[in-house]
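Remember, it's a predicted structure, so these values are computed and weren't measured experimentally.
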Amino acid sequence: MKLMQFQIDDIIKTALLEDINYIDVTTDYLVDENSVSTAKYVSKDEGVLCGIDVAMRVFQLLDSNVKCEIFIHDGEKVKKGDIIARITGSTRALLKGERTALNIVQHMSGVATATNRCVELVKGTKASVADTRKTLPGLRVLQKYAVTVGGGKNHRYNLSDCAMLKDTHLDAYGSMTGAVNALREKMGHTVKIEVEVGNLEELKEALTLGVEIIMLDNMTNEDMAKAVEMTNGKALLEASGNVTSETIRAIAETGVDIISIGAITHSVKAFDISMKMEK
């Protein structure tokens with residue numbers, strides 16, 4: 001996945017407007033407008049770096065003359081004490097952009113690191129680790145990019161990407177078979193259908209409909225293994241629900257194709273990075 005510059009800039013501008021509004025009282029009254037400084041980004045944690053270019057872009061939008069040297073790039077492993085980047089430019093720009101830039105790179109690195117841990121835990125199985133739409137409003141593109149940097153794969157980006165019949169849709173429509181047939185009458189030939197099932201009986205019905213993807217929702221490992229046998233490659237099987245670092249390996253070993261995890265975007269711990277001004 002590649003981030004588009006206009007997407008990055010829009011997110012940063014929204015964040016800066018939220019943080020600065022019209023003035024930084026401390027910086028603008030304290031620091032001379034001609035002052036120039038150098039700062040470095042230092043890792044205080046261990047994991048997968050993500051979002052460093054986005055973070056540097058914050059300072060470049062505040063001062064087009066800012067110079068950035070990046071020593072560790074997205075997708076690379078970092079350890080405590082590593083110097084990730086060095087920035088030289090307007091002291092005011094460095095101080096004004098500090099928190100916004102750190103918020104971005106810390107969160108994105110947290111997502112990439114959490115994803116990478118899950119990917120490592122399922123290594124050797126056929127299962128891939130995927131995200132969900134459980135993302136922070138306005139930050140989905142950054143979070144989904146971070147998932148790919150951590151070695152995971154993206155589920156649908158939004159509601160336009162795939163017809164996904166969850167239990168709420170099926171309850172609202174009335175039946176799985178009726179809903180799938182109704183969708184096929186209206187949607188284009190390039191759109192896939194995914195159906196959520198909660199037990200093996202529902203799986204049987206989904207298989208008769210020829211849908212491309214079937215989500216196994218909160219099923220036991222035993223039932224998921226049976227589902228893999230019953231499906232026999234006729235559809236991709238996605239395991240979802242209450243996936244943790246303690247359970248993910250056993251889920252992967254059932255033979256499912258995909259394990260989707262909301263926690264890698266909605267519940268990650270920020271990766272600890274600090275900005276230090278050089279004297």
Practice problem: Indicate yes or no for a side-chain donor-acceptor contact from Glu69 to the backbone of Arg86 under 3.5 Å, with no hydrogens or angles considered. | Solution: no
Quiz item: How about Glu222: does its CD atom have over 12 heavy atoms from other parts shown lying under 6.0 Å from it?
Solution: no
Quiz item: Taking all non-hydrogen atoms of both residues, which atom of Ser90 and which atom of Val66 are closest, and how far apart?
Solution: N-CG2, 4.4 Å
Quiz item: Looking just at side-chain N and O atoms, do Gln143 and His266 make a donor-acceptor pair shorter than 3.5 Å?
Solution: no
Practice problem: Find the distance between OG1 (Thr88) and NZ (Lys67) and round it off to the nearest 0.5 Å. | Solution: 10.0 Å
Quiz prompt | Donor-acceptor contact present, side-chain Lys192 to main-chain Asp161, <3.5 Å | solution = no
Quiz item: Do side-chain atoms of Arg92 reach the backbone of Asp28 as a donor and acceptor pair under 3.5 angstrom?
Solution: yes
Exercise. Return yes if some donor-acceptor pair links the side-chain N/O of Asp82 with the main-chain N/O of Lys79 below 3.5 Å, else return no.
Key: yes
Exercise. Would you mind telling me which of Asp74, Leu3, Asp9, Ile11 makes a side chain to side chain contact (heavy atoms under 4.5 Å, CB included) with Val54?
Key: Leu3
Quiz item: Counting N and O atoms only, with roles assigned by atom type, does the side chain of Thr100 sit under 3.5 Å from a partner on the main chain of Gly97, one being a donor and the other an acceptor?
Solution: no
Practice problem: Give a yes or no answer on whether the side chain of Asn154 reaches the backbone of Lys144 with a donor-acceptor pair at less than 3.5 Å. | Solution: yes
Quiz prompt | Test item: Thr265 side-chain N/O and Lys134 main-chain N/O as donor-acceptor pair under 3.5 Å | solution = yes
Quiz item: Has the side chain of Glu212 got a donor or acceptor atom that lies under 3.5 Å from a matching backbone atom of Ile193?
Solution: yes
Quiz item: Are any side-chain N or O atoms of Glu76 and backbone N or O atoms of Ile72, one a donor and one an acceptor, separated by less than 3.5 Å?
Solution: no
Quiz prompt | Arg133 side, atom CZ; Leu159 side, atom CG - distance, nearest 0.5 Å | solution = 4.0 Å
Quiz item: Can you tell me how far the CG atom of Leu61 sits from the NZ atom of Lys13, to the nearest 0.5 Å?
Solution: 6.0 Å
Quiz item: Short question: side chain of Thr113, backbone of Gly110 - any donor-acceptor pair under 3.5 Å?
Solution: no
Practice problem: State the CD-OG1 distance between Glu196 and Thr168, to the nearest 0.5 angstrom. | Solution: 7.5 Å
Self-check item: Sidechain N-carboxylate O distance under 4.0 Å for Glu120, Lys123
Solution: yes
Quiz item: For the residue pair Ala163 and Val191, what are the closest heavy atoms and their distance?
Solution: N-CG1, 3.7 Å
